[in-house]
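The structure under discussion appears below in the form of structure tokens.
Per chain, numbering begins at 1; letters A, B, ... match sequence-line order. Heavy atoms only: backbone and side chains are in, while hydrogens, waters and symmetry mates are out.
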2 protein chains.
Amino acid sequence: MNPQPALAPAPGDAACNPAGPPALDAAQAKEQAVVFKALADPNRLRLLSIIKTAPTGTVCVCDLTDPLNLTQPTVSHHLKVLLDAGLLQREKRGIWAYFSLTPGALDHIAGSLARL
Amino acid sequence: MNPQPALAPAPGDAACNPAGPPALDAAQAKEQAVVFKALADPNRLRLLSIIKTAPTGTVCVCDLTDPLNLTQPTVSHHLKVLLDAGLLQREKRGIWAYFSLTPGALDHIAGSLARL
DNA sequence: ATGGCGTATCGACGCACATCAATGTCGGTC
DNA sequence: GACCGACATTGATGTGCGTCGATACGCCAT
């Protein structure tokens with residue numbers, strides 16, 4: 001590895017850097033990956049978008065199945081993923097479950113991106 | 001759907017919102033999901049972190065296998081995923097392939113998060 | 001209590017993905 | 001030319017995930 005190849009080093013020399021500590025340890029990486037996994041599905045992104053742009057900021061499940069053309073169990077599953085990732089909040093009121101964005105969650109993700 | 005249930009409407013009334021257009025169409029959602037899919041793996045996050053914090057900002061593959069404890073083909077695969085997502089740039093110089101962050105790519109993702 | 005409705009959970013199916021070993025390709029050296 | 005080293009690609013394998021139908025759970029009205 002990194003044998004100082006005697007040819008074509010970096011433009012200002014200093015070819016390969018042995019790369020010391022991983023800069024981001026495995027635990028932190030795994031933790032952040034969970035959040036990005038939650039965002040790595042088109043339907044979940046649309047769910048977030050719908051909830052965010054809703055007039056009241058809160059939406060119940062029955063209003064989410066139609067726009068996405070998904071069955072109720074599937075929507076419920078996606079909402080749980082977003083919930084577990086800390087992106088959504090759930091409030092049960094009577095029969096209905098109202099979902100809303102966790103305040104500052106998206107900003108927090110944007111921050112972690114910049115802090116990579 | 002949304003039967004005006006005669007019980008427990010939203011706090012300021014206005015219970016369920018029929019949720020008009022999906023706010024984020026399927027094509028845009030699928031496109032953004034590709035980027036988040038690329039970020040949804042701990043090892044790829046560590047790759048980005050290593051490359052970003054490298055003194056020169058450019059790293060070759062041979063210096064990436066050891067910190068991640070992965071084989072060379074696996075690292076190459078992950079780099080290709082990040083490349084296809086537009087997060088990395090590749091520059092072949094002699095025998096080596098140098099990878100660097102695409103300028104502004106992370107900022108662009110942060111922006112798309114805020115624009116959900 | 002009985003029934004109906006909104007939601008969550010379960011089991012199963014199929015597809016996508018992460019990983020590795022083996023191989024292929026390209027550039028430089030002898 | 002022949003050889004070596006860095007990287008990419010291929011094929012195979014195990015795991016994870018999205019989706020659905022069926023079912024279970026709570027809450028309310030009758």
Side-chain angles (χ1 to χ4, degrees), chain A residues 1-10 15-19 26 29-30 33-34 36-47 58-66 68-85 88 90-99, chain B residues 1-10 15-19 26 29-30 33-34 36-47 58-66 68-85 88 90-99:
Chain A
M1 187 123 340
N2 196 22
Q4 277 315 85
L7 177 73
C16 286
N17 314 295
K30 191 171 181 179
V34 171
F36 288 119
K37 261 193 237 285
L39 293 170
D41 183 275
N43 289 321
R44 285 198 287 268
L45 287 175
R46 301 182 80 186
L47 281 175
T58 60
V59 186
C60 65
V61 180
C62 61
D63 289 329
L64 291 171
T65 58
D66 265 32
L68 295 190
N69 253 328
L70 292 178
T71 61
Q72 177 267 325
T74 301
V75 172
S76 198
H77 162 69
H78 285 314
L79 289 172
K80 177 171 173 48
V81 173
L82 294 170
L83 208 65
D84 292 344
L88 288 185
R90 169 164 51 186
E91 179 194 359
K92 293 214 70 171
R93 199 177 314 143
I95 304 297
W96 288 266
Y98 291 87
F99 287 86
Chain B
M1 185 122 340
N2 196 25
Q4 277 316 86
L7 177 71
C16 287
N17 314 296
K30 191 171 181 181
V34 171
F36 288 119
K37 260 192 238 285
L39 293 171
D41 182 277
N43 290 321
R44 285 198 286 268
L45 287 176
R46 300 182 81 187
L47 283 176
T58 60
V59 185
C60 65
V61 181
C62 61
D63 288 328
L64 292 172
T65 59
D66 264 31
L68 296 189
N69 252 328
L70 292 178
T71 62
Q72 176 267 324
T74 302
V75 172
S76 198
H77 161 69
H78 285 314
L79 289 172
K80 177 171 172 48
V81 172
L82 293 171
L83 207 65
D84 292 346
L88 288 185
R90 170 164 50 186
E91 178 194 359
K92 294 215 70 172
R93 198 177 316 141
I95 304 295
W96 290 269
Y98 290 87
F99 288 86

Starting at atom CG of B/Leu79, determine the distance to atom P of D/dC7, rounded to an integer number of angstrom. 10 Å
Nearest-Å distance, CG (B/Leu88) to P (D/dA8)? 11 Å
Do the side chain of A/Arg44 and the main chain of A/Lys37 share a donor and acceptor less than 3.5 angstrom apart? yes
Checking contacts here: which listed nucleotide (D/dC7, C/dG6, D/dA6) is nearest the side-chain heavy atoms of B/Cys60? D/dC7
In whole angstroms, the gap separating P of D/dG18 from CG of A/Leu82 amounts to 10 Å
Would you say a side-chain N or O of A/Arg90 is under 4.0 Å from OP1 or OP2 of C/dA8? yes
To the nearest angstrom, how far is A/Phe99 atom CZ from C/dG6 atom C1'? 11 Å
Just call it for A/Lys80: base, sugar-phosphate, or nothing, with non-hydrogen atoms closer than 4.0 Å on any strand. sugar-phosphate
Looking at B/Gln72 and D/dA6, is any side-chain donor or acceptor paired with a base atom of the opposite kind under 3.5 Å? no
Measure CD1/A/Ile95 against P/D/dC28 and give the value in whole Å, please. 5 Å
Could you tell me if the side chain of B/Leu83 sits less than 4.5 Å from the side chain of B/Phe99, heavy atoms only? yes
Between B/Leu68 and B/Arg46, is any pair of side-chain heavy atoms under 4.5 Å apart? yes
Spacing between B/Leu64 atom CG and D/dA6 atom P, to the nearest angstrom: 14 Å
Testing D/dA6, C/dT9, D/dA8 for proximity to the side chain of B/Trp96, the answer is D/dA6
How long is the line joining CZ of B/Arg93 and P of D/dC7, in whole Å? 12 Å
Identify each atom pair where a protein N or O and an N or O of nucleotides 14-19 of chain C are less than 3.5 Å apart, giving names and distance.
{"from": "C/dA18", "atom 1": "OP1", "to": "B/Arg44", "atom 2": "NH1", "distance (Å)": "3.3"}
{"from": "C/dA18", "atom 1": "OP1", "to": "B/Arg44", "atom 2": "NH2", "distance (Å)": "2.6"}
{"from": "C/dA18", "atom 1": "OP2", "to": "B/His77", "atom 2": "NE2", "distance (Å)": "3.3"}
{"from": "C/dT19", "atom 1": "OP1", "to": "B/Asn43", "atom 2": "ND2", "distance (Å)": "2.7"}
{"from": "C/dT19", "atom 1": "OP2", "to": "B/His78", "atom 2": "NE2", "distance (Å)": "2.1"}

Does B/His77 reach the side chain of B/Pro73, with side-chain heavy atoms less than 4.5 Å apart? no
Considering only heavy atoms from C-beta outward, does the side chain of A/Lys30 approach that of B/Leu45 to under 4.5 Å? no
Hey, which of these two, A/Asn69 or A/Lys92, hits DNA chain D nearer its 5' end, going by closest nucleotide? A/Asn69
Interatomic distance, A/Leu47 atom CG to A/Leu88 atom CG [nearest 0.5 angstrom]: 8.0 Å
Do you know the tightest heavy-atom contact between B/Thr74 and B/Thr71? OG1-OG1, 3.0 Å
